[in-house]
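Worksheet: one structure, shown below.
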Number of protein chains: 2
Amino acid sequence: MARSKNTEQKIFDAATELFLEKGVDRTSVREIASKAGINLALMNYYFRSKENLFDAIFSMLVKKNSEELIRILNSDLGLFEKIRQYVHVYIDMLSDNPLLVSFVMAILHRSRERITEMKAISSLYSTDQFTKQILEEGKKGNIRRTDTTHFFVDMLSLIAFPFAIKTLVMDKNSFSEEEFSEFIHERKERVPEMLIESLKPRS
Amino acid sequence: MARSKNTEQKIFDAATELFLEKGVDRTSVREIASKAGINLALMNYYFRSKENLFDAIFSMLVKKNSEELIRILNSDLGLFEKIRQYVHVYIDMLSDNPLLVSFVMAILHRSRERITEMKAISSLYSTDQFTKQILEEGKKGNIRRTDTTHFFVDMLSLIAFPFAIKTLVMDKNSFSEEEFSEFIHERKERVPEMLIESLKPRS
DNA sequence: AATCGTTTTAAACATTGTTTAAAACAAGTA
DNA sequence: TACTTGTTTTAAACAATGTTTAAAACGATT
């Protein structure tokens, strides 16, 4: 049996917090060990290396946060309502974990060559159903014919980027944390309307 | 006189390339010295520390790339034409330096607490003229009344974020470098039209 | 209480950013 | 030339990093 309740989990939790807060490369193993209250070498005992620990944490974060989003995309909601729900849930999720975007961005830059092998990433890719829906509505004439890749990128950009530049936005507008939250809250209405507007046939 | 042509510049150039490519924290001083063909200790002789060298490089990159953008924002172009030019020039600039966005994103996460003191950043803030223009056009009824902060964030998001997730977009769509360039090229028309559309009075 | 596999520990290792003190150099001065 | 002065370069050492190792401590089974 384990001597203490669950050493592996303690390492995992401490590292998750530190990685999100300070970034992987600026978090030392000794810092993780100290926060978890364990011996330095136990990190290498349970996870083979710091990089391996990071991979595990990254996978967990992506999986935990992407499942509900994928469910919405693959649901049989109407297109406009689906867009509204997706944006709403996505922004709420990032509001709960505002460091997630910057963290993922940093990772995309940091491990560019390893992206393809990071299985967790591909779980974000299930847009087939959503893509088909846009194309069909286009054929029916209910919306403008739209490049689905562009549209999805537009949607992700409007949702996620503001979190990545949170510091800049707060600094420039002298926002408090509450004011930034309010700003983000407003985007839950604004972004879907903007996206839907861009889909409606030209008047 | 300097023994070799310009050691300081050689360090600066080598570090710039490596920082953009691999990120600051994953670039060692010995690697910089090796690439620049100089002794290890010269980095600390010319720049006081690696962090200091990074600050100098970051300032240079921001200044070099932001001047033309600020000029456009403060010009007396009509609003729609100004938006078209801004997006066009910005995307061209990022196309020439596609690692810039990820680099800046990583920095925003990495040095969150130092952002305010990074003077270079504030040079991106000169949006007063642009903001005033949007408000005035709104009053005149030429466009919808729009929250200027939201609009500027929308614009930046649609311009910059696709570069940050370049790897994902290429991976998902099996894009070659050329195809990604073409994709980005298309956004130079798409993004301004989407933004302008969102400003036009509801039909 | 003896044994076995698992978990934890302290110590050492190579590599990182940084500092130091001496050497090498260019330019001016006698 | 020979000598001095200030700048630039060098090699070596430093503390801190991620990692490995071998031994100790532990819990469970016999």
Side-chain angles (χ1 to χ4, degrees), chain A residues 1-59 103 106-107 109-114 117-118, chain B residues 1-59 103 106-107 109-114 117-118:
Chain A
M1 262 316 238
R3 198 165 313 180
S4 59
K5 194 104 155 290
N6 197 344
T7 303
E8 186 171 351
Q9 192 63 40
K10 285 199 290 186
I11 298 172
F12 193 90
D13 292 344
T16 301
E17 207 168 312
L18 288 168
F19 284 174
L20 278 170
E21 179 64 26
K22 317 183 36 174
V24 180
D25 294 320
R26 298 178 79 77
T27 300
S28 75
V29 174
R30 283 166 180 80
E31 206 175 353
I32 297 172
S34 164
K35 179 165 191 132
I38 53 107
N39 182 278
L40 168 66
L42 286 177
M43 192 280 283
N44 287 78
Y45 176 75
Y46 284 102
F47 307 88
R48 291 204 330 278
S49 65
K50 185 186 174 187
E51 198 67 13
N52 215 49
L53 169 59
F54 155 67
D55 280 356
I57 290 175
F58 185 73
S59 294
F103 179 70
I107 295 322
H109 187 218
R110 202 193 91 116
S111 337
R112 236 173 309 139
E113 64 295 336
R114 292 205 303 117
E117 63 181 86
M118 285 189 181
Chain B
M1 264 314 241
R3 201 166 310 181
S4 59
K5 194 109 154 287
N6 197 343
T7 303
E8 186 171 350
Q9 192 64 41
K10 285 199 290 188
I11 298 171
F12 193 91
D13 292 343
T16 301
E17 206 168 314
L18 288 168
F19 283 175
L20 278 170
E21 179 64 27
K22 315 181 40 174
V24 180
D25 294 320
R26 297 178 81 75
T27 301
S28 75
V29 174
R30 284 166 180 80
E31 205 175 355
I32 298 172
S34 164
K35 177 162 191 135
I38 53 104
N39 182 279
L40 168 66
L42 286 177
M43 192 281 283
N44 286 77
Y45 176 73
Y46 283 102
F47 306 87
R48 291 201 333 274
S49 66
K50 184 185 175 187
E51 199 69 12
N52 216 49
L53 169 59
F54 154 68
D55 279 355
I57 289 174
F58 185 72
S59 294
F103 178 70
I107 295 320
H109 188 218
R110 201 193 93 114
S111 338
R112 236 172 309 140
E113 64 295 335
R114 292 206 301 116
E117 64 182 83
M118 286 189 181

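Labels below follow one simple rule: chain letters A, B, ... track the order of the sequence lines, proteins then strands, and each chain is numbered from 1.
- Applying the 4.0 Å criterion to OP1 and OP2 of D:dA11, one finds that B:Asn39 has a side-chain N or O inside that range.
- Atoms CD1 (A:Ile38) and C1' (C:dT6) sit 16 Å apart, rounded to a whole Å.
- Evaluation of the side chain to side chain donor-acceptor pair (under 3.5 Å) rule for A:Arg30 yields no partner, not counting sequence neighbours.
- The interatomic distance linking B:Glu51 (CD) with C:dT19 (P) rounds to 13 Å, in whole Å.
- Put simply, CZ on A:Phe19 is 12 Å from C1' on D:dG18, counting in whole angstrom units.
- Rounded to an integer number of Å, the gap from A:Tyr46 OH to D:dG18 C1' is 19 Å.
- Contact annotation: A:Tyr45 side-chain N/O to D:dT20 OP1/OP2 distance is not under 4.0 Å.
- Put simply, the residue from B:Lys22, B:Lys50, B:Arg26 that forms a salt bridge (charged side-chain N to carboxylate O under 4.0 Å, His left out) with B:Glu31 is B:Lys22.
- When the side chain to side chain contact (heavy atoms under 4.5 Å, CB included) test is applied to B:Glu21, the partners found at least two apart in sequence or on another chain are A:Arg112, B:Leu99.
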Chi angles and distances behind the side chain to side chain contact (heavy atoms under 4.5 Å, CB included) call for A:Val24, A:Ile107: CA-CA 9 Å; A:Val24 180; A:Ile107 295 322; 4.3 Å; yes
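- The shortest distance between the side-chain N/O atoms of A:Thr7 and the OP1/OP2 oxygens of C:dT7 is not below 4.0 Å.
- Between the C1' atom of D:dT7 and the CG atom of B:Asn6 lies a distance of 14 Å, rounded to the nearest Å.
- Straight-line distance from the CG atom of A:Asn52 to the C1' atom of D:dT19: 13 Å, rounded to whole Å.
- Residues from residues 21-37 of chain A placing a heavy atom under 4.0 Å of any atom in DNA chain C do not occur.
- With sequence neighbours excluded, no residue forms a side chain to side chain donor-acceptor pair (under 3.5 Å) with B:Asn52.
- With sequence neighbours excluded, no residue forms a side chain to side chain donor-acceptor pair (under 3.5 Å) with A:Asn39.
- One end of the helix from C:dA1-D:dT30 to C:dA30-D:dT1 points its axis 30° away from the other end's axis, with each axis taken from 5 pairs and the angle rounded to 10°.
- In this entry the distance linking CG of B:Leu40 with P of D:dA11 reads 11 Å, nearest Å.
- Evaluation of the salt bridge (Lys or Arg N to Asp or Glu O under 4.0 Å) test over residues 33-44 of chain A, restricted to residues two or more places apart or in two chains, returns A:Glu17-A:Lys35.
- Distance from the side chain of B:Lys50 is smallest for C:dG17 among the nucleotides C:dA10, D:dT9, C:dG17.
- Side-chain proximity of B:Leu42 to C:dT8, D:dT9, C:dT18: nearest is D:dT9.
- Residues that satisfy the side chain to side chain contact (heavy atoms under 4.5 Å, CB included) test with A:Ala106, not counting sequence neighbours, are B:His109.
- Residues meeting the side chain to side chain donor-acceptor pair (under 3.5 Å) test with A:Glu51, sequence neighbours left out: A:Arg110, A:Arg114.
- Of the candidate nucleotides C:dT18, D:dT21, D:dT19, C:dT18 has the atom nearest to the side chain of B:Asn44.
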